[in-house]
Each structure stands twice: as C-alpha cells, then as structure tokens.
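Remember, it's a predicted structure, so these values are computed and weren't measured experimentally. Just so it is clear: chains get the letters A, B, ... in the order the sequence lines come, proteins before strands, and each one is counted from 1.
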2 protein chains.
Amino acid sequence: MITQAIDIASSEDANLIKLRHKPAADNSTQPFKPRLHSTADTRARPIEGSIGVVGTPMKFAGKAEIYGEGEPAEYLYQVITGTVRTSKFLADGRRQIGGFYLPGEIFGLEAGEEHSYSAEAIVESRILLIKRSALVGLAARDTEVAQQLLALTWLELARAQAHVLLLVKTAQERVAGFLLEMAGRIPEGGSIELPMSRQDIADYLGLTIETVSRTLTSLENEAVISRPTSRLVVLRNRSALTRIDP
Amino acid sequence: MITQAIDIASSEDANLIKLRHKPAADNSTQPFKPRLHSTADTRARPIEGSIGVVGTPMKFAGKAEIYGEGEPAEYLYQVITGTVRTSKFLADGRRQIGGFYLPGEIFGLEAGEEHSYSAEAIVESRILLIKRSALVGLAARDTEVAQQLLALTWLELARAQAHVLLLVKTAQERVAGFLLEMAGRIPEGGSIELPMSRQDIADYLGLTIETVSRTLTSLENEAVISRPTSRLVVLRNRSALTRIDP
DNA sequence: CGACCATTTGATATGGATCAAGCGATGTGG
DNA sequence: CCACATCGCTTGATCCATATCAAATGGTCG
C-alpha cells in the first residue's frame, strides 16, 4: 500500500484545507456545512471539521495508486490538491469507477476492514492521510467524532445512490448528469476543467469513450455546452442540461 | 406518512426477531455479526442488537406505502415478516428500485433529514418502527449505539455499491447477480421464493420485464435454474451462476 | 365461467457497442 | 528544428443486445 508516494511533503499547509464533500440532496441539515471553494478564505480546517486528528500530507504522481483493492483500510484520505478516482476491476477486465474526489473531499471510507475499491491519483495530488484506527478509536469515546464519521458515511451513501440513478438512464442523461455533478462541485462559474480522461468518464458512467465523445459533440451541436479544449467544458445552457437529466 | 397502516399489531413478538442485514463483502469484522436465519433460535433481539430502544410493530398490506419520497425521515424500520422495496420515480415516470428488504433487515436509513426513496410493502408485512430522533439522541450519548448506527450505514453503503456494480453488467449478469444476492439472503437451500414481481426485479436491475423473463427462460434452458412456478426459482447449478456473474 | 393481472413468447426497432480510421497535440530522436 | 511515433480524442460504418410493440398463456378471484 502507498508504495508509489513520491515524497512525504513537509506539513506546512496540511491543515490549510477545508472540508468539502459532495453536497447531498439536502446538506443544509448536516451537522457541518461543507464550505464551497472560493477565492477568499484559503485558510481552512483539517479533516473532520475541528476534531483534533491531524493527518500526514503526501504527494502522489498522476496515475499513482493510493491504495489497492483488498488492502486493509487503515486510513481515511482527504484531497488537498489534485483529483482522485476510486475504481474496481471486474473479473473479465472491465473497470468500474466508483467516484471522483476533488480538493476538500474525503475518500477511503469503507464498510469493512478492507478496501473494496482501489484509489488512484488522476493528476499529481496532495493527499492528507488520517489513521482510521485513530479515528474509530476516538469515535468510541468522542461522540462528536462519531457523528462526523456518520455524516461522512451518509454523504458517501448519497453519492452511491446518486450513482445508481445515473446508471439506469440513457447516455445523454448520464453525460448531462455527470456534467451537472461536476459543475456543482467546482463552483467556478460555468466552466468545468475535467481532470479525468474520457476513459475514466466512460467507466464511471458505464459507457464507452466513443459514446461519451459523441454525446458531448451532440451537446455542443445543440449549443448546450462548448469545448474550448477537449478537457474544458463550458456550460452554455444549464437549464437544458437539467432538462435532459431528469 | 404511514397513512396506510392497517393496524397496529399487539407487541407480542415485536422483539422476537434478530437483526439480519445483507452481509457486506466482509462482515466477519463488523462490530456485530448479523446472524443468519436458521431453524433454531427464533428468539431474537430487537433492532440495533441489544440496545434498549424498543420500537412499535405495525402491519402493512401488500402495496401499502410505508413512507414517501420527500417525507421527513423520522423512523428506522426493521422487517419482521414480509418484504419491502424502496423506490424512486424519475421525472418521466421511470421507476428505480433502491433495494429489497427481507425479514430481519433494516431500512429507512437516510443521509439527510428526509427520505430520498419511498418504501412500500411488497406483500403483507410486519414492520418494527424505531424513532430516529430517539436513536440519534441516544447515539449522541451512547457510543455503542453510535457504532451500530455507523455499522448499519456501512451495510447500506455496501449495498448501494454492489448495486452500482450490478448495473454496469449485461442482462444475464444482472439477473444472475440478483439471484445470487437473493439466495445469499434467504439461506433456504437452493430455492428462492421471490416475493416481488417481474416489474420490481426489472426496475431494480434497470431492465424490462421482457428481458428479465427471457433471461430466466434461457437460464432454465441451460439447466442453471428451474422454475416450478414463476415466483419460485430453484438454483440447479450455482457455480454456473457465479461464473456468469463476474 | 369470465375478467383480470402477471408472465412468457414472438417480431421488429434502436441506442449504444464494436471495429476502424482520422486528427490534433505532445514528446522524442536524429 | 524537423520527421515521426505516440497518445487521447473524435468521427464514421456496422453490428448486436436489449427495448419496444404485440399477442398468447396461465393463474387467481369474484
């Protein structure tokens, strides 16, 4: 595990990150509010809000494995910079992407004692590691930690359920849903810089790269989006997207 | 909410049920072990293991709604007898089944303060209700309750992730996976009494009833299963099924 | 018995997969 | 600095798994 870390960064800004996780259907009632990325306020809190669990920041190269399927789940991870994908291979080689994790978001939560997905950095990423045992140990005594662990698991559950809903839709709807999902997590105006490849998107949506590509092209032709470059998507007509998504 | 309850049963055997939830990939390490149904030991514990939270047993007719999408999530539910499905309608009328819950299993766990799926009894069912507020209140003080709430949420997460994996497979694989999933939860030898309709199965698997039916027929032709009646499936060759599933 | 509903079976249509080729962008070696 | 291999993405042509439309069968209940 964690064999491909490039170097253990100095901990200068380990805590200078705020917690940001995918907003659930209704996050106004969560015990803590994910603060969305904004230009001001780069100061931020370590994982788990204000709990005094400090992690180790590590740097991973793009394509570097953070942990593998089947490995013991010893840590919880928070993306500081970069992007991470979790993935799983079926017996016949097909790959399923479980999710993408952007700066501020937390991954590595697992039901059991071992990871059922692997995690890889998509681009060079700085990741904060928190020992899981430290956390669950703490949770056994500190109910506030326990609450936050529960809240994180709920977010992950909401994410998985939303993923299920995506996968029963048509190709157009999946792609539109994906774009909206990403747009909601990168609240930079209407443009989305996609750090992942078409193959990653395809494996997340249960489609082929060709279908993803064609669908983006057709959305572009319908003036719903535009693509200055293949990795940069500009939302030209968000309501059309939500209309496609249902 | 709960407008269609037929009657509030007397609580004779409210506690005579053991906790049984879908085993996750590795449940041997869970804080508590779901005990599988066996002929002996019909005595059992109320929801949440041995925690002193007692619920109210209610009876629901088949097709009765237990709670609706968007309603406040005030309760947690444990199936005593019968079967429950959770479902959600997309804007255009398509229905997605979130999951099926068999005797002993718990549903109604939600990330937010309101249900994102509705729940209906598939057949006449007895359901144990536990006030959620009582539980989370308890969890704030009792770390053991908190642990078990967390464990339940993990199970639900594992369930949703398994569902995602099902949905990216072929029709044959989905149906095979569904049969294996049900077989693993009804440990009665090799035969599965399906309480749900083909439409329910189709909406769970993201297929049409015709495809489900045809797939079952072809499995029968290949001598992998047999169907004494349309709702009763006998597994004739489980390893062939696991080979299909990958 | 007849109406109704769930399921199966049949015929046809189609969305997305597959196979194949083209097209930049980026990098490499001569 | 250019020729050219490589890689990620797009576009085109064809195929196939599953959806759709339609009808037959079978079980259940009044």
Side-chain angles (χ1 to χ4, degrees), chain A residues 62-63 83 85 90 92-97 122-123 166-179 192-222 225-233 244 246, chain B residues 61-63 83 85 90 92-97 122-124 166-179 192-222 225-233 244 246:
Chain A
K63 319 218 166 198
T83 305
R85 64 167 182 248
L90 303 185
D92 63 350
R94 275 172 291 173
R95 183 183 67 157
Q96 178 60 31
I97 300 287
I122 286 178
V123 296
L166 258 195
L167 293 177
V168 298
K169 300 182 186 177
T170 66
Q172 275 246 333
E173 291 164 348
R174 295 187 213 194
V175 172
F178 170 74
L179 291 177
I192 312 170
E193 174 76 47
L194 298 171
M196 69 291 286
S197 69
R198 291 290 185 268
Q199 189 64 63
D200 287 335
I201 298 173
D203 289 348
Y204 177 66
L205 297 178
L207 300 170
T208 60
I209 52 174
E210 292 95 331
T211 297
V212 171
S213 181
R214 278 187 245 271
T215 304
L216 288 172
T217 302
S218 95
L219 287 175
E220 191 167 31
N221 291 340
E222 295 159 18
I225 62 170
S226 64
R227 283 177 297 174
T229 75
S230 70
R231 295 285 184 108
L232 185 62
V233 174
I244 290 170
Chain B
K63 320 220 166 194
T83 305
R85 65 167 182 247
L90 304 186
D92 62 350
R94 275 172 292 173
R95 184 183 67 159
Q96 178 59 31
I97 301 285
I122 285 179
V123 296
E124 181 172 293
L166 258 194
L167 293 178
V168 298
K169 300 182 184 175
T170 66
Q172 275 246 333
E173 291 164 347
R174 294 188 213 192
V175 172
F178 170 73
L179 290 177
I192 312 170
E193 174 75 46
L194 297 171
M196 69 291 287
S197 69
R198 293 289 185 270
Q199 189 63 63
D200 288 335
I201 298 173
D203 289 347
Y204 177 67
L205 297 178
L207 299 170
T208 60
I209 52 175
E210 292 95 332
T211 297
V212 171
S213 181
R214 277 186 246 271
T215 304
L216 288 171
T217 301
S218 96
L219 287 175
E220 190 166 33
N221 291 339
E222 294 159 20
I225 62 171
S226 64
R227 285 177 298 175
T229 75
S230 70
R231 296 287 183 108
L232 184 63
V233 174
I244 291 171

> Please confirm whether the backbone N or O of A/R227 pairs with a side-chain atom of A/E220, one donor and one acceptor, at under 3.5 Å?
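Yes, A/E220 side chain to A/R227 backbone: donor-acceptor pair under 3.5 Å.
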> Can you give me the closest heavy-atom contact between B/M196 and B/I201, atom names plus distance?
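In this case the closest contact between B/M196 and B/I201 is CG-CG1, 3.6 Å.
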> Residues two or more places apart in sequence or in another chain: which of them pass side chain to side chain contact (heavy atoms under 4.5 Å, CB included) with B/D92?
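So B/D92 forms a side chain to side chain contact (heavy atoms under 4.5 Å, CB included) with B/L90, B/R94.
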> So, the side chain of A/R198 versus the backbone of A/E210: is there a donor-acceptor pair under 3.5 Å, distance only?
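Not confirmed, A/R198 side chain does not pair with A/E210 backbone.
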> For A/R174 versus A/L166, what's the shortest heavy-atom pair and its separation?
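Minimum heavy-atom contact is CG-O, 3.1 Å.
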> Can you name the atoms? Protein N/O to nucleotides 7-10 of chain D N/O, anything below 3.5 Å, with the distance.
| unit_1 | atom_1 | unit_2 | atom_2 | d |
| --- | --- | --- | --- | --- |
| D/dC9 | OP1 | A/R231 | NE | 2.6 |
| D/dC9 | OP1 | A/R231 | NH2 | 3.2 |
| D/dC9 | OP2 | A/R198 | N | 3.0 |
| D/dT10 | OP1 | A/R198 | NH2 | 3.1 |
| D/dT10 | OP1 | A/R227 | NH1 | 2.4 |
| D/dT10 | OP2 | A/R198 | NE | 2.7 |
| D/dT10 | OP2 | A/S213 | OG | 2.9 |
| D/dT10 | O5' | A/S213 | OG | 3.0 |

> Identify each atom pair where a protein N or O and an N or O of nucleotides 23-30 of chain D are less than 3.5 Å apart, giving names and distance.
none

> Once rounded to the nearest 0.5 Å, what's the spacing between atom CD1 of A/I97 and atom CZ of A/R85?
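Atom-to-atom, A/I97:CD1 and A/R85:CZ are 5.0 Å apart.
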> So which atom in B/I209 and which in B/A202 form the shortest heavy-atom distance, rounded to 0.1 Å?
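Residues B/I209 and B/A202, closest heavy atoms: N-CB, 3.6 Å.
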> Over its full length, what angle do the end axes of the helix from C/dC1-D/dG30 to C/dG30-D/dC1 make, each axis taken from five pairs and the result rounded to 10 degrees?
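Rounded to the nearest 10 degrees, the bend comes out at 30°.
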> Grab the two heavy atoms, one from B/L205 and one from B/L167, that are nearest each other, plus how far apart they are.
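For B/L205 versus B/L167, the nearest heavy atoms are O-CD2, 3.3 Å.
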> What is the distance from atom CZ of A/R231 to atom CG of A/L194, rounded to the nearest 0.5 Å?
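Nearest 0.5 Å value for the CZ-CG distance: 7.5 Å.
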> Please report the interatomic distance CZ(B/F178) to CD1(B/I192), rounded to the nearest 0.5 Å.
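Going from the CZ atom of B/F178 to the CD1 atom of B/I192 covers 7.5 Å.
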> Using whole Å, what does the distance between atom P of nucleotide C/dG16 and atom CG of B/L167 come to?
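Computing the B/L167:CG to C/dG16:P distance gives 15 Å.
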> Where is the tightest heavy-atom contact between A/S218 and A/Q172, given as atom of each residue plus distance?
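Looking at all heavy atoms of both residues, the closest pair is OG-NE2, 3.1 Å.
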> Are there any protein N/O atoms within less than 3.5 Å of an N/O atom in nucleotides 15-18 of chain D, and if so, which ones and at what distance?
| unit_1 | atom_1 | unit_2 | atom_2 | d |
| --- | --- | --- | --- | --- |
| D/dT18 | OP1 | B/A171 | N | 2.8 |

> Taking only residues two or more places apart in sequence, or in another chain, which ones meet B/T211 in a side chain to side chain contact (heavy atoms under 4.5 Å, CB included)?
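Partners of B/T211 under the side chain to side chain contact (heavy atoms under 4.5 Å, CB included) test: B/A171, B/L207, B/T208, B/T215.
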> I need the CD1-P distance between B/I225 and C/dT7, as an integer number of Å.
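The answer, rounded to whole Å, is 14 Å.
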> Of all the heavy-atom pairs spanning B/I244 and B/E173, show the shortest one and how long it is.
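Closest heavy-atom pair between B/I244 and B/E173: O-CG, 3.1 Å.
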